[in-house]
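Position 1 is the first residue of the sequence; numbering continues from there. Every heavy atom of this structure was used, including side-chain atoms; hydrogens, water molecules and symmetry mates were not.
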Amino acid sequence: MRGTDEASGSLFSYVDLEARIPARHPLRRIRQVVNEALASMDGEFEALYTDFGRPSIAPERLIRASLIQILFSVRSERQLMEQMQYNLLFRWFVGLGIDDPVWVPTVFSKNRDRLLSTEMSRKVMAAILAHREVAPLLSDDHFSVDGTLVKAWASMKSFQPKAGDTPPDDDPGGPPGPDSPPEDRPEPPPSETDPMSRPTRQSRNADVDFRGEKRSNATHVSTTDPDARLYKKAPGTGAMLCFIGHALMENRSGLIAQGDLSQADGHAERRAALDMIHRHSPSSTRRLTLGADKGFDAAEFVADLRQACVTPHVAQKSRYSAIDRRTTRHEGYALSIKHRKRIEEAFGWAKTVGGMAQTVYRGLERVRSRFILTMAANNLARLPRLLTA
């Protein structure tokens with residue numbers, strides 16, 4: 001018997017969001033870890049808010065909404081609020097009931113900027129890694145480090161000369177020539193027979209020819225995002241306005257233990273590597289290993305690692321390498337060189353799924369906070385398979 005295609009509205013709706021989510025859905029395990037991690041941060045949240053005024057968005061819901069935005073590649077907060085209107089899975093993960101109103105996108109963005117600073121993003125990542133089921137997956141001795149370019153939300157046309165490098169507009173000049181019109185002579189009024197002049201329209205995205213123009217970070221700055229820097233990571237590639245994202249990976253499960261982001265320059269990766277290893281294991285007297293690519297093979301960086309009780313498992317350059325036989329003769333060196341390549345998987349996930357190929361945020365602080373939260377979301381995406389292994 002053929003069924004009827006009739007839509008009838010119901011006066012009441014009894015929808016249990018918990019029953020609508022499949023029992024084996026991977027978000028169930030992710031939500032459990034996130035909820036318990038955020039519960040351990042209750043004291044941190046309590047210190048951020050006062051006990052008077054209008055209530056803000058709950059920080060737990062705001063962080064869960066930001067994580068679901070990264071996990072499902074939602075490109076903007078406005079689209080996230082739109083999907084939360086009808087997506088029961090998003091509502092269940094964030095903690096909204098079926099009848100709870102969704103926030104105004106601008107209100108959500110303002111609350112997010114106040115809460116998700118760099119320090120708070122690092123605390124969220126640390127709380128997830130300190131979870132009782134996640135902590136046994138981490139290695140305490142063997143790590144890898146690398147960096148990746150994050151394209152800034154600024155075009156090359158915004159890379160303009162700095163104010164101090166531009167010549168002044170007012171020309172002191174000299175005495176007027178015989179052919180120059182006097183300044184105080186009024187212009188003749190237009191005649192009635194003259195054709196009407198049409199204003200020239202300038203395109204918003206006018207063509208600009210940069211051929212022959214020398215531009216550098218010393219003389220130019222982006223008017224859209226002054227924190228972005230012109231940089232290229234490899235010879236033969238085009239330079240672009242970008243930041244450098246950094247990650248410290250533990251080698252046992254390939255989870256990101258520390259994340260950071262800085263302005264782009266030739267020494268940023270080595271500085272960030274030292275900062276992350278000291279932040280992760282402050283004043284450690286236990287011998288650690290740190291794998292890295294050839295870009296980290298510098299005598300000063302290797303000496304700093306050895307002084308910090310860290311064995312530099314850095315890939316050797318073909319000439320003038322700072323890594324000698326006292327490091328390469330051990331079997332662990334070859335293992336670190338093999339496992340360090342797994343950090344590229346986290347960078348690839350962050351750019352294809354997490355939206356970090358080109359950030360939509362401006363300013364070093366906001367981009368850094370988002371990058372660290374994206375690294376935390378990458379860890380969460382891998383947890384369901386790791387915890388059931």
Exercise. Passes salt bridge (charged side-chain N to carboxylate O under 4.0 Å, His left out), Lys110 versus Glu77? Steps please.
Worked result: CA-CA 11 Å; Lys110 289 290 185 181; Glu77 285 79 9; over 6 Å; no
So does [Y] get a backbone contact from the side chain of [X], meaning a donor-acceptor N/O pair under 3.5 Å?
| X | Y | value |
| --- | --- | --- |
| Asp100 | Gly97 | yes |
| Asn87 | Gln83 | no |
| Glu250 | Phe143 | no |
| Asn217 | Leu230 | yes |
| Glu269 | Ala273 | no |
| Ser253 | Leu137 | yes |
| Gln160 | Lys157 | yes |
| Lys151 | Leu241 | no |
| Ser369 | Ser117 | yes |

Hey, what do you get for [atom1] ([X]) to [atom2] ([Y]), rounding to the nearest 0.5 Å?
| X | Y | atom1 | atom2 | result |
| --- | --- | --- | --- | --- |
| Ser158 | Trp153 | OG | CH2 | 12.0 Å |
| Arg112 | Leu373 | CZ | CG | 10.5 Å |
| His246 | Phe371 | NE2 | CZ | 8.0 Å |
| Leu88 | Leu96 | CG | CG | 11.5 Å |

Exercise. In chain order, what residues pass the side chain to side chain contact (heavy atoms under 4.5 Å, CB included) check against Leu335, with sequence neighbours excluded?
Worked result: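 For Leu335 the side chain to side chain contact (heavy atoms under 4.5 Å, CB included) partners, ignoring immediate neighbours, are His339.
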Under the rule for side chain to side chain donor-acceptor pair (under 3.5 Å), what residues qualify as partners of [X], not counting sequence neighbours?
| X | value |
| --- | --- |
| Thr359 | none |
| Arg306 | Thr327 |
| Ser139 | none |

For this session: Carefully, step by step, assess Glu133 and Arg29 under the rule side chain to side chain contact (heavy atoms under 4.5 Å, CB included).
Result: CA-CA 11 Å; Glu133 296 184 22; Arg29 182 60 66 90; 3.6 Å; yes
Exercise. How about Arg64 and Asn35: does a side-chain donor come under 3.5 Å of a side-chain acceptor?
Worked result: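 Yes, because at least one side-chain N or O of Arg64 sits under 3.5 Å from a partner of the opposite role on Asn35.
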Exercise. Can you name the closest pair of heavy atoms from Met125 and Ile372 and give their distance?
Worked result: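 Result for this residue pair: CE-O, 3.5 Å.
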Exercise. Under the ring pair (Phe, Tyr, Trp, His ring centres under 6.0 Å) rule, what pairs show up with a residue in residues 292-316, not counting sequence neighbours?
Worked result: Phe296-Phe301, His313-Tyr333
For this session: Step through it carefully: locate the ring centre of Phe90, locate the ring centre of Phe72, and say whether they are under 6.0 Å apart.
Result: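 That pair passes the under 6.0 Å test.
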Exercise. Think Arg20 forms a cation-pi with Trp92, using NZ or CZ under 6.0 Å from the six-ring centre and within 45 degrees of its axis?
Worked result: no
Should [X] and [Y] count as an ion pair when the cut-off is N to O under 4.0 Å?
| X | Y | value |
| --- | --- | --- |
| Arg286 | Asp141 | yes |
| Asp227 | Arg366 | no |
| Glu365 | Arg368 | yes |
| Arg122 | Asp260 | yes |
| Glu300 | Arg270 | no |

For this session: With sequence neighbours left out, write down each residue that passes salt bridge (Lys or Arg N to Asp or Glu O under 4.0 Å) with Arg326, or none if nothing qualifies.
Result: Asp324
Exercise. In a check of side-chain contact (heavy atoms from CB on, under 4.5 Å) between Val145 and each of Val314, Leu290, Asp293, which one passes?
Worked result: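 Answer to the side-chain contact (heavy atoms from CB on, under 4.5 Å) test with Val145 among Val314, Leu290, Asp293: Leu290.
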